[in-house]
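Basis for what follows: all heavy atoms, side chains included, without hydrogens, waters or symmetry-related copies. Remember, it's 1-based here, ligands and their atoms both numbered in the order they're listed.
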Amino acid sequence: MQIITIDGPASSGKGTVAKLIAKKLGFHYLESGAIYRVVALITIKEAIDSSDIDSILTLIDNMELRFIDGSVLVDNLDVTDGLRAEAVGMMASTVAKNDVIRKRLLDFQREFATEPGLVTDGRDMGSVVFPNAHLKIFLTASPTVRAKRRYEQLKHNINVSLDNILADIIARDKQDTERANAPLKYDSSFILIDNDNMTIDETVQCIISLLNSKHNI
Ligand code: DC
């Protein structure tokens, strides 16, 4: 069974790219960030302090999380729309710093690796969750380009400014790369793709070509 991991920072396009590749190949898809975002959303809703790890672990143990046709259901409630807010992303990044929380979520993530294969994206999918994946991509782009992409996605919905988004991206990069546990980190086991000057389709095509060339080796 093949596993393709795409690690990378916020708004590098990893989720969109991973989803398209999964569809092309007929593989399962796991957006690991959505798991951390769900934990963050409930933490915020239940007014739990981010330092209260025991309460967050209880929350994790008691929630029933399911991904169905692009929707995220927690205890049968569709929470998909609430997950995208900047505040939820920031809280996700904060709870994700804790090693016990990360370990508690490991098995859940690994259960997605079933036939015919899995495409998954996140900060540590190739480095920690699936270190022996068939193809490990590290997808990145400059903070400015990522902020512009995020701004284009959000500007129609909410009152957001490009400056604020850029500041959030820089803060989240710092928190995700400097944390002690499973930080976002490139090493030579990954293939690095900087997609500053690439469209989503070009990025997908590049990864499919890499996969095909691996098969020919
Ligand atoms: O990919 P995302 O922006 O939806 O992820 C939200 C936060 O969750 C991210 O800032 C850090 C955390 N996260 C993580 O620590 N490990 C992952 N595999 C995925 C997300």
Exercise for the section: May I ask whether L41 and F67 are part of the same hydrophobic cluster, defined by side-chain heavy atoms of I, L, V, M, F, W, Y residues being less than 4.5 angstrom apart, directly or through others? Expected result: yes

Practice task
Kindly determine whether D194 and T140 satisfy side chain to side chain donor-acceptor pair (under 3.5 Å), including the steps that lead there.
Solution key: CA-CA 5 Å; D194 183 324; T140 191; 5.9 Å; no

Exercise for the section: Please indicate whether any nitrogen or oxygen in R37 is less than 3.5 Å from any nitrogen or oxygen in ligand 1. Expected result: yes

Handout entry: Interatomic spacing from CD in Q205 to CE in M198 - rounded to 0.5 Å
Key =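 Reported to 0.5 Å precision, the distance equals 9.5 Å.
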
Could you tell me, atom by atom, which parts of ligand 1 come under 4.0 Å of a heavy atom of [X]?
X: D124; result: 16 (N), 17 (C), 18 (N)
X: M125; result: 18 (N)
X: D176; result: 9 (C), 10 (O), 11 (C)
X: K14; result: 1 (O)
X: S93; result: 7 (C), 10 (O), 11 (C)

Problem - Donor-acceptor side-chain pairing of D121 and Y29 below 3.5 angstrom - result: yes

Can you tell me which residue and heavy atom of the protein come closest to [atom], and the distance to 0.1 Å?
atom: atom 7 (C) of ligand 1; answer: A92 CB, 3.6 Å
atom: atom 17 (C) of ligand 1; answer: R123 N, 3.3 Å
atom: atom 12 (C) of ligand 1; answer: A96 CB, 3.7 Å
atom: atom 8 (O) of ligand 1; answer: Y36 CB, 3.5 Å
atom: atom 19 (C) of ligand 1; answer: S32 OG, 3.4 Å

Practice task
Could you check V79, L77, D78 and say which one makes a side-chain contact (heavy atoms from CB on, under 4.5 Å) with V72?
Solution key: V79

Handout entry: Residues I193, F138; criterion side chain to side chain contact (heavy atoms under 4.5 Å, CB included); working and verdict
Key = CA-CA 6 Å; I193 301 176; F138 193 96; over 6 Å; no

Can you tell whether the side chains of [X] and [Y] come within less than 4.0 Å, N to carboxylate O?
X: R84; Y: E31; answer: yes
X: K185; Y: D124; answer: no
X: R150; Y: D168; answer: no

Practice task
For atom 6 (C) of ligand 1, state which one of R172, Q175, R179 supplies the nearest heavy atom.
Solution key: R172

Exercise for the section: Could you tell me if any non-hydrogen atom of R102 lies under 4.0 Å from any atom of ligand 1? Expected result: yes

